[in-house]
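Accompanying notes for the structure given below.
By convention in this document, chain letters (A, B, ...) are assigned in the order of the sequence lines, proteins followed by strands, and residues within each chain are numbered from 1.
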Amino acid sequence: MADLSAEARILAAIRDVPHGAVAGYGQIARRAGLPGRARLVARVLAGNGDDTLPWHRVLRSDGRIAFPPGSRGHREQAARLRAEGVQVTAGRVRMPPRATLDATLWGPATALPRAR
DNA sequence: CTATTGACCTTAG
DNA sequence: GCTAAGGCCAATA
């Protein structure tokens, strides 16, 4: 499986995000087997071009939208998230109280069983 | 080769 | 709660 390029693994990780859930760039990167490559994830999304890819479920570590407020991508992402049942307020996603969040997000009600 | 930039992250004030 | 600074990695000029 290591033959797949980083981009392919990142896309796969994003596609693995369940409906109504959100994930952070750093977390996606880690899940893709690329710790510390959060920026690479952003770069891939910037040039994705795949509509079947739930890129709108990828947010920053603060649960905030990566796009600047008022921007087109920002509004679109917020709208898409709301359409999936995710509460978005002031450009940020309603997230449960937790530590750095990066290890928490995901599942709207239950956390995925996974190794740290 | 060095410098700049980017849908980032973390720690500190 | 928000702002500022440092760090990290990859692509591009």
For the pair made of [atom1] in [X] and [atom2] in [N], what is the distance, rounded to whole Å?
{"X": "A/Leu59", "N": "B/dC9", "atom1": "CG", "atom2": "C1'", "result": "14 Å"}
{"X": "A/Leu81", "N": "B/dA7", "atom1": "CG", "atom2": "C1'", "result": "13 Å"}
{"X": "A/Ile10", "N": "C/dC9", "atom1": "CD1", "atom2": "P", "result": "14 Å"}
{"X": "A/Arg80", "N": "B/dA7", "atom1": "CZ", "atom2": "C1'", "result": "14 Å"}
{"X": "A/Arg75", "N": "B/dA7", "atom1": "CZ", "atom2": "C1'", "result": "17 Å"}
{"X": "A/Ile14", "N": "B/dC8", "atom1": "CD1", "atom2": "C1'", "result": "14 Å"}
{"X": "A/Arg9", "N": "C/dA10", "atom1": "CZ", "atom2": "P", "result": "12 Å"}
{"X": "A/Asp62", "N": "B/dA7", "atom1": "CG", "atom2": "P", "result": "17 Å"}

Considering only heavy side-chain atoms of A/Leu40, the closest of C/dA10, B/dC9, B/dA7 is C/dA10
The side chain of A/Tyr25 lies closest to which of these nucleotides: C/dG1, B/dC8, B/dT10?
B/dC8
Could you pull out all residues at least two apart from A/Arg15 that satisfy salt bridge (charged side-chain N to carboxylate O under 4.0 Å, His left out)?
A/Asp50
Which pairs with one or both residues in residues 17-29 of chain A pass salt bridge (charged side-chain N to carboxylate O under 4.0 Å, His left out), sequence neighbours excluded?
none
Please examine the side chains of A/Asp16 and A/Arg31, heavy atoms only from C-beta on, and report whether any two atoms are closer than 4.5 Å.
yes
Tell me, do A/Arg92 and A/Asp62 make a side-chain contact under 4.5 Å, heavy atoms counted?
no
Got a sec, which pairs hit side-chain hydrogen bond (donor to acceptor under 3.5 Å, both in side chains) with one end in residues 70-82 of chain A, sequence neighbours left out?
none
Integer angstrom distance from the P of B/dA7 to that of C/dG6
22 Å
Could you tell me whether the side chain of A/Arg60 and the main chain of A/Tyr25 form a donor-acceptor pair under 3.5 Å?
no
Pairs under 3.5 angstrom, nitrogen or oxygen only, protein versus nucleotides 3-5 of chain B, please.
none

So, using side chain to side chain donor-acceptor pair (under 3.5 Å) as the criterion, who are the partners of A/Arg37 when residues are at least two apart?
none
So does A/Arg92 get a side-chain nitrogen or oxygen closer than 4.0 Å to the phosphate oxygens (OP1/OP2) of C/dC2?
yes
Determine: side-chain N/O of A/Arg37 to OP1/OP2 of C/dA10, distance under 4.0 Å, yes or no.
yes
A/Asn48 and its side-chain contact (heavy atoms from CB on, under 4.5 Å) partner, picked from A/Leu53, A/Ile10, A/Ile14:
A/Leu53
What are the two closest non-hydrogen atoms of A/Gly20 and A/Val86, and how far apart are they?
O-CG2, 3.5 Å
Salt bridge between A/Arg43 and A/Glu7, side-chain N to carboxylate O under 4.0 Å?
no
For DNA chain B, which residues of residues 42-49 of chain A approach it to below 4.0 angstrom with any heavy atom?
A/Ala42, A/Leu45, A/Ala46
Could you say whether A/Arg64 or A/Pro35 is positioned toward the 5' end of DNA chain C, judged by the nucleotide with the nearest heavy atom to each?
A/Arg64
Could you tell me whether the side chain of A/Arg39 has a donor or acceptor atom within less than 3.5 Å of a complementary atom in the base of C/dC8?
yes
